[in-house]
Engineer: 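Have a look at this one before I ask anything.
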Amino acid sequence: MAVRIRLHRMLFSVAALALLVVSAAVATPAVVRAAETPRRGGVLLAVIGAEPPSLDPHQESTFANIQLVAPLYSTLLQFDPHSFPKIIGDVATEWKISPDGLIYTFKIRQGIRFHDGSPLTAADVKASYDKIVFPPQGVRSSRRTAFTAIERVEAPDPGTVVFRLKFPSASLIANLASPWNVIFPKKYLDQDPNYFKTKVVGSGPFKFKSYVRGSTFEGERNPDYFVKDRPYLDGYKFFISTETSVRAAAIRSGRAYVEFRNLPGPEVEAIKKQLGDKVVVQETPVTAHWGIAVNNTVKPFNDVRVRKALTLAIDRYTASRVLYPLTGLKLVGGVMRPGSEWEMPEADLQKYPGFGKDAEKNRAEARRLLAEAGYPNGFKVVLKNRNIKLPYQDWAVFAIQEWKKIGVEAENRPLETAAWFSDGRDKGNFELMVYPPVEFMDDPDLFLGRFVTGANNNWGRMSDPRVDDLFARQARVRDPVERKQLTDEIQRIVLENAYFIPGLWWTRNLVHWAKMRNYVAPPSYYSNQKLQDVWLAED
Amino acid sequence: MRTYLAKRLLLIVPTLLGVASLVFLIMRVIPGDVALLILGGDGGNIDQAQLVAMHRELGLDQPLLVQFGTWLWGVLRFDFGTSLWTGQPVVEELLIRLPLSLELAFLATGVSVLIAIPLGMLAAARQDTWVDYVVRVISIGGLAIPSFWVGILVILLLVIYFGWGPPLEFTPPWVDPWANFQQMVWPVLTVGYRYAAVTTRMTRSTVLEVLREDYIRTAWAKGLAERVIVIRHALKNAMLPVITLIGTEFAFLIGGLVVTETVFTLNGVGRFVVDAVAHRDYPVVQALVFVIAFGFVIVNLLIDLTYAWFDPRIRYR
Amino acid sequence: MSVQYPLVQVRVSEPLAPRLTFAEEVVKFVRTKPLGAAGALVVLAMLFVAVFVEALTRYDPYQGDYALQFARPSAEHWFGTDEFGRDLLTRIMYGARIALFVGFTASFAGCTLGALLGVLSAYWGGTLDLLLERLMDVLLAFPQLILALAIASILGPAVQNVVVAIAIPVIPRVARVVRATALSVKEHQYVEAVQALGASRPRVVLRHIIPNIMAPYLIMLTAQLGAAILAEAALSYLGLGTAEPTPSWGLMLSGSAASYAEKAPWIALFPGIAISLAVFGFNLFGDSLRDALDPKLRRG
């Protein structure tokens, strides 16, 4: 993770200090090199593997959107670029929460201007959040459901924004820091709420320069940015290239300096081998994991014994060893990310089906359960999947092999993305489905919401009133300790009943040329894309 | 001749109508919903109410026949509608990608014709000698080796041994010819090789057939030099099927080079169409298929007219 | 003045073109068309491997040895192992089975259906011909890749569906060629003669037209064999062909093989070679077959 960078920095500082000491001791004038001074200028060249349907972050959910437009906008709050998940202000300078947790008051920085010169005031913040929380007819808002607690947004004066809630919301501050919730100028929203699907008027460190669909996206430096002396770069340019090995080749040849999402292990090895110190690899855990959704409404998966057998059969520790060099799938954990504040510690985890370390014993137990449920010779099943190679296919291949050992013959059936959403989310037309819960941060509202009866992303159509109740309670509890107890309980219920088969949590490799400085890869590839502190040591 | 022309032109209409109907139907039969795709992104939440609203916004809630009629009516006025994925006019999207695909198609055809026709003639004139064998092996190689594999190998070798990669964006040749060359030379050669292979084989076989004709025997008997026989007499007649082949393959080059475009990061029509299919972006797919089919039909018509011009028997069929 | 032309007695010292036995035909083929023979050899080798693969290898193409991911070629694993530790040679041999299945079935189905439609269209003429011709034109004008893509999307990824997706674009192409040939046969005078003698329609078709379209049919068949294998590779590359963990050559070449190209080049090399060799073989054999069958060329 960022540990690698920190180590470098630490060693460097130690070395510098040692040099200073030695030089002072020798009493010759020494050149003290402290932290490097950022160099101004240069255009950051990046490759990206997909293209968004539109440029409006309120309406999209794909990394292809946020990576391209994040540098052009500001948000109310943001995650600290050097210290995820610490939350600091962006457009907001300070905030107060009322004791009952129902009134959030934000002070807006003075003197911010949009790229067209007009000032950014609380009215713009209100208009933007009105669009997110109360979208007008015909306008979609992908994050609306995260703000159900908001009753209304007010802008009593140009420097103050007030959020009034219907009930306390534990995740509100984190959601306000979401990179998707950018601030638009009110006057364009009034003209047409869909204005920003194709046009850009923001207040970010960069201004929109050009977009050739299918090919490139460019931004240039905003000289009037409200943070003094930022950004360092003259501009940035994304090249769109859908083939992974081609993107890796682009980095190797220097046509691009960075790929902000992920490159698979073997490519990273090859790049490192060829470029050595010229390139930096930041490996970070991601707020995403690949598992298998079980359709709880269909025989035989409505039988908890069958579900348990399926999850018991998968040896996750071997999976980690085998799949990590191929796909980056690495960490064994429950349904909240291991390494985060919500994790279930390994000692606890091992009590639940599928997480024990004795694989043979687990398999025997699985066979026993299957026989008890009426399938002594196993059965055939179709495992539907998405037709993207990494890590979907590799995960399926592993799982299928594991199930063979208990007599379950699974056929891998990759579907095009459109059909995958249709069968999985929309119609529930599957028995087993490879499914990755991916969110922009570790919030329980986001990750555990899919276990609530009738939730939109409850692909497995599970229904357990205990979970529903616990979820509703944890969403309103503001004391983190109490909240953790509630979320732990949800995890236990889900794992014990195998409503969902968790797999492995993902780590990603963000590769960039060493000349690109001051960028720390966060666990989510949606965050830290503003590029305002990034600089190039040379062109 | 005129009646033949009129008859052929008339026959284009049902063909194009058939293609339009077929692509329309096929796209609707494929499971998947573009609205779900857009709302779904990488896998987050979806709101049912928003889904319904989006369907209405995109016109997807109308009965199929209405949608088909609306689209067809638009086509007649050269309005291919707007992309469901980006909301931009389809024609605009197409025009971004067309110059690159056209350049690639022309250059690849040019390169391959320059190589293939002489080689094919040579192989035919020297049938069953080692010259023939070498040409046949090389040309079958062009067919047999998967082109996407060749493409990836080329890129890999360039980057491993020279640390160099081709440019990632398209610059038209009139803006910066050197940048254009750097990007286009590799796909042109890769595609050209395969294309040359097909054309060489076709040339060889038609020249072979023609060389067996009686009138060629007469030329031999008359004592004409081999070069004269092959080039002056055989080639003319052998060229007709070859030209047919070039014509039909050209249409393929515009819309069919998906993998080449992906591998060489070319923002061309082929990739655009495949992406549109993946996105269930009906207007785009319908428009592109229609345009490609139209081009194909016109090219065929021109070729058939050329045949009819040369061979009076056909006109009176 | 009369000129005396000596009468030349043509002594027939050998019987006219005696029938050769099958073995002698084969020998003649190998001698006169070595390239074609080489192609035939490749095809036969593929067939042999595909049929007897279980006896030829002890490895399971699906179960990998997780301790041996990315192993180099060695005595244990002649072609090395892939990313899951599966023996590559074994997977390539099982892949031959799939390639042959896809190649033969798609090609055979497409060509036969196309030939039938072509003959039907040519012989019955009239409105049926007109309608069929339109239908074939529509299918021909439709970009092949998109048609295959769409069909694969509808039916889902599985070997059988890939066959259908590849076979359908073949039909109009074969129909067109066969129809043209059948038409030219139909117009030959001897067919008219036979009909004048009162031969029934089916008899004419069976005894006279079909034998004459055999040559273009066989040629298209062998040509499409190679094309089918390549089409399966391309579809798998785009994620619409066969699905993991099926050991199909096209799938082995897809996407991530390029990512492993430096760490383990054998993963992409051998399937690529296998595909190329197979298509090579089919095409060489088909070429020579055509040369041998073409009545015009036999004289040469």
Side-chain angles (χ1 to χ4, degrees), chain B residues 11-12 14-19 21-23 26-27 29-32 127-128 132-133 136-137 140-141 143-149 152-153 155-156 160 201 205 208-209 211-213 248 251-252 254-259 262-263 270 273-274 277-278 285 288-289 292-297 300, chain C residues 32-35 39 130 133-135 137-147 149-154 156 183 223 226-227 229-230 233-234 237-240 249-250 253-254 257-258 261-262 265 268 271-273 275-284 287 290-291 294 296-297 299-300:
Chain B
L11 282 178
I12 291 184
T15 309
L16 287 179
L17 208 62
V19 172
S21 316
L22 187 61
V23 67
I26 283 190
M27 287 307 295
V29 172
I30 306 180
Q127 189 192 13
D128 288 336
D132 184 24
Y133 293 157
R136 281 169 68 191
V137 167
I140 295 188
L143 280 181
I145 305 176
S147 61
F148 56 87
W149 191 232
I152 296 206
L153 274 178
I155 299 239
L156 267 180
I160 295 179
R201 279 158 61 77
S205 82
L208 269 180
E209 282 192 28
L211 282 178
R212 307 281 169 240
E213 291 289 332
T248 49
F252 171 72
I254 302 280
L257 291 176
V258 186
V259 187
T262 311
V263 167
V273 175
V274 172
V277 173
V285 180
L288 281 171
V289 168
I292 294 176
F294 187 74
F296 180 82
V297 163
N300 263 329
Chain C
T32 51
K33 306 221 170 290
L35 276 190
L130 221 63
E133 240 205 318
R134 287 302 108 230
L135 185 61
D137 260 1
V138 166
L139 279 179
L140 261 177
F142 209 95
Q144 200 168 351
L145 182 65
I146 308 211
L147 195 54
L149 261 183
I151 296 174
S153 303
I154 298 174
L183 270 180
I229 296 182
L230 281 173
Y237 186 84
L238 290 173
L240 287 158
W249 295 340
L253 266 190
S254 70
E262 278 171 87
I273 293 180
I275 292 184
S276 307
L277 211 58
V279 178
F280 231 112
F282 282 125
N283 274 304
L284 280 177
D287 268 6
R290 188 260 316 278
D291 283 358
D294 193 334
K296 274 200 276 180
L297 292 179
R299 280 187 283 150

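Naming convention: chains lettered A, B, ... in sequence-line order (proteins, then strands); numbering from 1 in each chain.
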Engineer: Side chain, backbone, both or neither: which part of B:I160 has a heavy atom under 4.5 Å from chain C?
Structural biologist: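 Side chain only.
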Engineer: Side chain to side chain contact (heavy atoms under 4.5 Å, CB included) with B:I145: which residues, sequence neighbours excluded?
Structural biologist: B:V150, C:S276
Engineer: I'd like to check the side-chain hydrogen bond (donor to acceptor under 3.5 Å, both in side chains) partners of C:E262; sequence neighbours left out, ordered by chain and number.
Structural biologist: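 Checked C:E262 against side-chain hydrogen bond (donor to acceptor under 3.5 Å, both in side chains); matches are A:R252.
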Engineer: What are the two closest non-hydrogen atoms of B:L156 and C:A261, and how far apart are they?
Structural biologist: CD1-CB, 3.4 Å
Engineer: Who among B:V285, B:L288, B:V137 has the most heavy-atom pairs with chain C under 4.5 Å?
Structural biologist: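 Most heavy-atom pairs under 4.5 Å with chain C: B:V137.
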Engineer: Taking every heavy-atom pair that is under 4.5 Å apart, which of C:I229, C:N283, C:I275, C:I273 has the most such pairs with chain B?
Structural biologist: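 The residue among C:I229, C:N283, C:I275, C:I273 with the greatest pair count is C:N283.
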Engineer: Picking from C:L230, C:L139, C:L284, which has the most non-hydrogen pairs under 4.5 angstrom with chain B?
Structural biologist: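 Option with the top pair count is C:L230.
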Engineer: Flag the one option from C:V138, C:L135, C:D137 with the top tally of heavy-atom pairs under 4.5 Å to chain B.
Structural biologist: C:V138
Engineer: At a heavy-atom separation under 4.5 Å, does C:A278 approach chain B through its side chain, its backbone, both, or neither?
Structural biologist: neither
Engineer: As an exercise, state the distance from CG of B:L257 to OG1 of B:T262, rounded to the nearest 0.5 Å.
Structural biologist: 10.0 Å
Engineer: Please give me the minimum heavy-atom distance between C:P271 and C:L253, naming the atom from each residue.
Structural biologist: CB-CG, 4.2 Å
